[in-house]
Number of protein chains: 2
Amino acid sequence: MSQTDTVSRILDAAEVLFAERGFTETSLRTITSTAGVNLAAVNYHFGSKKELIQAVFERFLTPFTDALVRELDRRVAEGQTLTVEGLLESLYRVGMGSLAEQGRDPQRFMRLLGLAYTQYQGHLRRFIVSRYGDSYRRFAGLLAQALPGLDPVTFYWRLYFMLGATIFTLSSYDAIEAILREDFGAQSSLPETLERLVPAAAAMLKVNAE
Amino acid sequence: MSQTDTVSRILDAAEVLFAERGFTETSLRTITSTAGVNLAAVNYHFGSKKELIQAVFERFLTPFTDALVRELDRRVAEGQTLTVEGLLESLYRVGMGSLAEQGRDPQRFMRLLGLAYTQYQGHLRRFIVSRYGDSYRRFAGLLAQALPGLDPVTFYWRLYFMLGATIFTLSSYDAIEAILREDFGAQSSLPETLERLVPAAAAMLKVNAE
DNA sequence: CAACATTTAAAACAGTTGTTTAGTACCGAG
DNA sequence: CTCGGTACTAAACAACTGTTTTAAATGTTG
């Protein structure tokens with residue numbers, strides 16, 4: 001079993017288990033046994049549980065943010081006028097795309113993002129902000145440009161409202177979808193939900209703007 | 001030290017610590033030592049840690065939902081026409097009020113609600129749904145009435161978008177407020193944030209309605 | 001092939017977890 | 001005063017936590 005094999009087997013197992021139960025609720029023994037590797041392999045390859053958690057996030061935040069920034073750069077270079085809806089669509093489409101490429105589950109990604117925000121793990125938030133803050137500000141800046149006439153403080157609160165709606169909904173996607181299917185018999189896919197989210201979030205951002 | 005004293009001291013400490021760090025990250029020893037009571041008192045009075053968690057939620061969800069339902073009943077009985085904005089205002093005002101009455105911190109309440117949704121505690125979600133599902137449906141029903149012409153599935157997704165924006169934002173209120181204060185020097189209070197949230201959430205709910 | 005560094009393995013480590021047990025202090029009723 | 005039950009406490013319990021150590025296996029390079 002080569003190194004990359006063990007490392008990625010650990011990451012795969014950790015990603016799934018963390019998303020399912022959270023960080024503290026997932027022991028290294030659970031991770032290594034479902035990954036089929038030795039317990040000590042985690043500390044050997046990653047150093048500590050903390051660093052394993054960060055590695056899990058890094059593995060799918062990096063391709064995502066890279067793809068997002070590339071997409072934004074492309075659209076700006078082409079001289080496109082970027083609307084609020086267009087930017088949200090880019091965000092969601094790139095998110096789906098960059099994950100689907102790797103055969104990764106987008107909902108798992110969202111559950112992890114939700115955990116990163118709510119859990120008591122100072123190191124994680126610090127890690128994410130320091131590593132991906134630039135991409136975040138790039139997106140936020142373009143979104144602010146598409147919303148002229150909005151004072152900055154209001155804009156940023158709404159940005160958080162939007163993030164909340166997105167992360168919260170998608171991280172509980174399975175549960176919500178199950179409830180709606182039971183009550184209305186109507187099943188909806190993740191892309192459909194994002195199609196509902198774009199105009200709703202855009203409307204929220206645009207109140208009193210322009 | 002009377003029973004009620006010990007019980008409520010435990011609940012007070014648990015509420016603060018759970019909101020701060022989460023459930024698994026808070027040990028019974030931390031709770032009992034900050035409460036100034038014996039370790040075994042938790043299991044004696046509550047049975048288990050699980051039941052302590054539920055008791056913490058019960059203690060402030062019950063007055064909140066009771067007050068909300070009373071308020072909704074009152075407004076319906078008076079024959080008021082309930083708008084989306086009016087309903088959201090009721091929700092937020094009652095939330096603030098019923099907590100302020102008891103001298104409880106509303107943000108802590110929100111952090112706990114956020115945890116209930118994101119943490120891996122099946123028993124908690126089940127407990128909350130079975131205990132407070134009726135009040136939830138009462139509010140959702142009135143909100144749906146205020147949004148005629150919206151198909152039920154779209155309505156429910158938007159309801160979750162709204163919940164997400166609310167819970168996510170308010171549960172990270174301190175962190176967000178700190179960032180905005182640093183970047184813009186503008187400090188905002190919780191009521192101000194709710195005043196921003198009402199029109200934004202209402203706009204999101206109302207897209208294409210009526 | 002030999003020598004080296006990398007990787008895996010089993011076992012032990014020290015610390016923490018929630019829970020239980022056994023016993024003590026208390027307090028009002030008979 | 002004594003009894004019966006409630007409230008509390010100290011101590012121990014067994015299980016589990018992340019991490020480290022020691023040794024064996026493996027692969028790579030000269």
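In what follows, chains carry the letters A, B, and so on, assigned in the order in which the sequence lines appear, proteins first and then strands, with residues in each chain numbered from 1.
Residues B:Glu101 and B:Ser98 have side chains that never bring a donor and an acceptor to within less than 3.5 angstrom of each other.
OP1 or OP2 of C:dT8 sits under 4.0 Å from a side-chain N or O of A:Thr6. In this model, the phosphate group of D:dT6 is not approached by any side-chain N or O of B:His45 to a distance below 4.0 Å at OP1 or OP2.
Separating the CD1 atom of A:Ile10 from the C1' atom of C:dA9 is a distance of 13 Å, rounded to the nearest angstrom. The NE2-P distance, from A:His123 to D:dG18, rounds to 12 Å in whole Å. When the P atom of C:dC26 is taken as reference, atom CG of B:Asn38 falls 15 Å away, rounded to whole Å. A:Phe46 places its CZ atom 18 Å from the C1' atom of D:dT20, with the value rounded to the nearest Å.
Side-chain N or O atoms of A:Thr30 include none that pairs as donor or acceptor with a backbone N or O of A:Thr26 at under 3.5 Å.
B:Ile31 has its side chain within reach of B:Phe18: a pair of non-hydrogen atoms, C-beta onward, lies under 4.5 Å apart.
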Exercise for the section: Begin with the C-alpha distance, continue with both residues' side-chain angles, and end with the deciding distance and a verdict on ring-ring contact (aromatic ring centres under 6.0 Å, His included) for A:Phe184 and B:Tyr156. Expected result: CA-CA 10 Å; A:Phe184 303 104; B:Tyr156 270 100; 5.5 Å; yes
Practice task
Please assess A:Leu82 against A:Leu143 for the test side-chain contact (heavy atoms from CB on, under 4.5 Å), listing each intermediate value before the final yes or no.
Solution key: CA-CA 8 Å; A:Leu82 300 179; A:Leu143 194 62; over 6 Å; no
Exercise for the section: Spell out protein contact along nucleotides 18-23 of chain C as letters: B when the base is contacted, S when just the sugar-phosphate is, - when no protein heavy atom is under 4.0 Å; keep the 5' to 3' order. Expected result: BBB---
Using residues 160-172 of chain A as the side-chain source, report each donor-acceptor pair under 3.5 Å to any protein atom, sequence neighbours left out, with the distance given to one decimal.
from     : atom 1 : to       : atom 2 : distance (Å)
A:Thr166 : OG1    : A:Tyr92  : OH     : 2.9
A:Thr166 : OG1    : A:Met162 : O      : 2.9
A:Thr169 : OG1    : A:Ala165 : O      : 2.4
A:Ser171 : OG     : A:Ile167 : O      : 3.1
A:Ser171 : OG     : A:Phe168 : O      : 3.3
A:Ser172 : OG     : A:Phe168 : O      : 3.3

